[in-house]
Amino acid sequence: MPTLAELKASALAAIDDRAEWLIETAKTILENPEPGCQEVKTSRLVSEKLSELGVSHQSGIALTGLKGLIEGGRPGPTVAVIGELDSLRVLDHPHADPETGAAHACGHHCQTPMMLGAAVGLLAPEVLGSLAGNVALIAVPAEEFIDVEYRWGLHNEGKLGLMAGKQEFIRLGAFDDVDMAMMVHTSSTSHESGKFSVGGTSNGHVVKYLRFIGRAAHAGGSPHTGVNALQAAMVALNALNTQRETLRNELNVRLHGIMTRGGVAVNSVPADVRYEGRVRGRTEEAIADASMKMDRCLRAGALAIGDQLST
């Protein structure tokens, strides 16, 4: 029976033999960034790569996700190795898609190749024969919680239950046979201690998506007959900024967001303004407190101007 050192050496040799294959996969994903729930090209590419390795897999989980399985030669637990498919939107990123603004600014283009690299090593014959248990290869979509309006539309159409990839995988039962899950994420900082480090915990978050609904009017001729939804949003955000001194630094609370629609024409009083926001925090209690404060400020902005608030 091979020793652990010999098995590691076999896995590493197999990965080295596929080095260019893996690097080219990462480059292809980098050059074709797709935001969450829209990773059609990326999903197809990962499916092709799994097929090249002879790994049977499901596709179309949570729209674009995939799950493959490597079965070991002996009984044991099932360990999931996860890669994330989606990109962010960063308009000025050097690898941004000029049409969508999508860009792999968070390193997800490396994650599925790392997952595939783990598969390559595990599939080395002597390694696979010694493997106790199974390895699930899980490529999840929509890790970055962006484009909330779009995802909410998918939810309303019955295409999504939950609006983020891992959560939807859990809801669909795709993790039911998994005993432990792991993944590797790239870092934006160098580590003096080596190439790898063990990550810490992350903040939880609550997502907000809402509409300030006013009444349109000619902004030059009769603004007094309108109800300005943009002004309501500005009052709400100013109110939100006054709450920051009530948030405890050690709880890592963050309040942030964007307006995805500010009106339709400069000569029309804005009647439909949309806000996508986030509340982050270290504990459930901190998130609940900050979420209540954000809700209160958003309602106050609408009340001050006479708008309606729709969520």
Looking only at heavy atoms, which two atoms of [X] and [Y] are closest? And how far apart?
X: Thr225; Y: Ala217; answer: OG1-CB, 3.3 Å
X: Gly65; Y: Leu85; answer: CA-CD1, 4.2 Å
X: Asn134; Y: Glu71; answer: OD1-CA, 3.2 Å
X: Val55; Y: Gly68; answer: CG1-CA, 4.1 Å
X: Val120; Y: Ala14; answer: CG1-O, 3.4 Å
X: Gly83; Y: Met115; answer: N-SD, 4.0 Å

### Query
Would Asn252 and Thr283 satisfy side chain to side chain contact (heavy atoms under 4.5 Å, CB included), going step by step from the backbone distance to the final call?
CA-CA 9 Å; Asn252 296 334; Thr283 66; over 6 Å; no
Interatomic spacing from [atom1] in [X] to [atom2] in [Y] - rounded to 0.5 Å:
X: His108; Y: Thr42; atom1: NE2; atom2: OG1; result: 11.5 Å
X: Arg244; Y: Asn249; atom1: CZ; atom2: CG; result: 12.0 Å
X: Trp152; Y: Met163; atom1: CH2; atom2: CE; result: 6.0 Å
X: Arg151; Y: Phe145; atom1: CZ; atom2: CZ; result: 6.0 Å
X: Leu123; Y: Ile70; atom1: CG; atom2: CD1; result: 4.0 Å
X: Leu63; Y: Ser59; atom1: CG; atom2: OG; result: 11.5 Å

[atom1] of [X]: more than 12 outside heavy atoms within 6.0 angstrom?
X: Met183; atom1: CE; answer: yes
X: Glu284; atom1: CD; answer: no
X: Glu149; atom1: CD; answer: yes
X: Arg282; atom1: CZ; answer: no

With side chains defined as the heavy atoms from C-beta onward, is the minimum distance between [X] and [Y] less than 4.5 Å?
X: Pro77; Y: Met180; answer: no
X: Leu303; Y: Arg299; answer: no
X: Val264; Y: Asp272; answer: no
X: Lys49; Y: Pro113; answer: no
X: Leu116; Y: Leu53; answer: yes
X: Val135; Y: Leu131; answer: yes
X: Pro270; Y: Phe212; answer: no
X: Pro35; Y: Asp86; answer: no

Give a yes or no on whether the backbone of [Y] and the side-chain of [X] come within a donor-acceptor separation of less than 3.5 Å.
X: Glu157; Y: His155; answer: no
X: Asp307; Y: Ala232; answer: no
X: Asp147; Y: Tyr150; answer: no
X: Asp289; Y: Glu285; answer: no
X: Ser43; Y: Thr64; answer: yes
X: Glu143; Y: Gly165; answer: no
X: His95; Y: Leu30; answer: no
X: Ser222; Y: His224; answer: no

### Task
Sorted by first residue and then second, give each side chain to side chain donor-acceptor pair (under 3.5 Å) pair with at least one member in residues 17-33; sequence neighbours left out.
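Sorted result for residues 17-33: Trp21-Glu52, Asn32-Lys41.
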### Query
Which residue pairs pass the side chain to side chain donor-acceptor pair (under 3.5 Å) test when at least one of the two sits in residues 166-183, sequence neighbours left out?
Lys67-Asp177, Glu84-Lys166, Glu168-Arg171
Linked, directly or transitively: [X] and [Y] (ILVMFWY side chains, under 4.5 Å):
X: Val178; Y: Leu137; answer: no
X: Val148; Y: Leu88; answer: no
X: Val206; Y: Leu237; answer: yes
X: Leu255; Y: Leu309; answer: yes
X: Ile82; Y: Leu172; answer: yes

### Message
Is there a side chain to side chain contact (heavy atoms under 4.5 Å, CB included) between Ile287 and Leu251? Walk through the geometry before answering.
### Response
CA-CA 9 Å; Ile287 295 170; Leu251 295 177; over 6 Å; no
### Query
Are Asp97 and Arg89 ion-paired here, with the side-chain N under 4.0 Å from a carboxylate O?
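Salt bridge between Asp97 and Arg89, a charged N being under 4.0 Å from a carboxylate O: no.
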### Message
Check this for me: does any side-chain nitrogen of one of Lys208 and Glu276 sit under 4.0 Å from a carboxylate oxygen of the other?
### Response
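A salt bridge is absent here (no side-chain N lies under 4.0 Å from a carboxylate O).
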### Query
Mind checking whether His104 and His109 have parallel, tilted or perpendicular rings, split at 30° and 60°?
tilted
### Message
Go through it in stages, so that I can follow the logic: the residues are Leu240 and Met294, the test is side chain to side chain contact (heavy atoms under 4.5 Å, CB included), and I'd like the CA-CA distance, side-chain angles, deciding distance and then a yes or no.
### Response
CA-CA 6 Å; Leu240 190 60; Met294 178 178 272; 3.7 Å; yes
### Task
Validate the cation-pi geometry between Arg261 and Tyr275: distance from NZ or CZ to the six-membered ring centre under 6.0 Å, angle to the ring axis within 45°.
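Ring-cation test returns no.
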### Query
Listed by chain and number, what are the side-chain hydrogen bond (donor to acceptor under 3.5 Å, both in side chains) partners of Glu126, not counting sequence neighbours?
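Partners of Glu126 by the side-chain hydrogen bond (donor to acceptor under 3.5 Å, both in side chains) criterion, ordered by chain and then number, come out as Ser10.
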### Message
For a side chain to side chain donor-acceptor pair (under 3.5 Å) check, start with the C-alpha distance between Arg280 and His256, then their side-chain angles and the critical distance, and finish with the verdict.
### Response
CA-CA 9 Å; Arg280 301 180 192 261; His256 55 97; 2.9 Å; yes
### Query
Can you check side chain to side chain contact (heavy atoms under 4.5 Å, CB included) on Gln243 and Cys297, steps first, answer last?
CA-CA 9 Å; Gln243 296 295 318; Cys297 292; 3.7 Å; yes
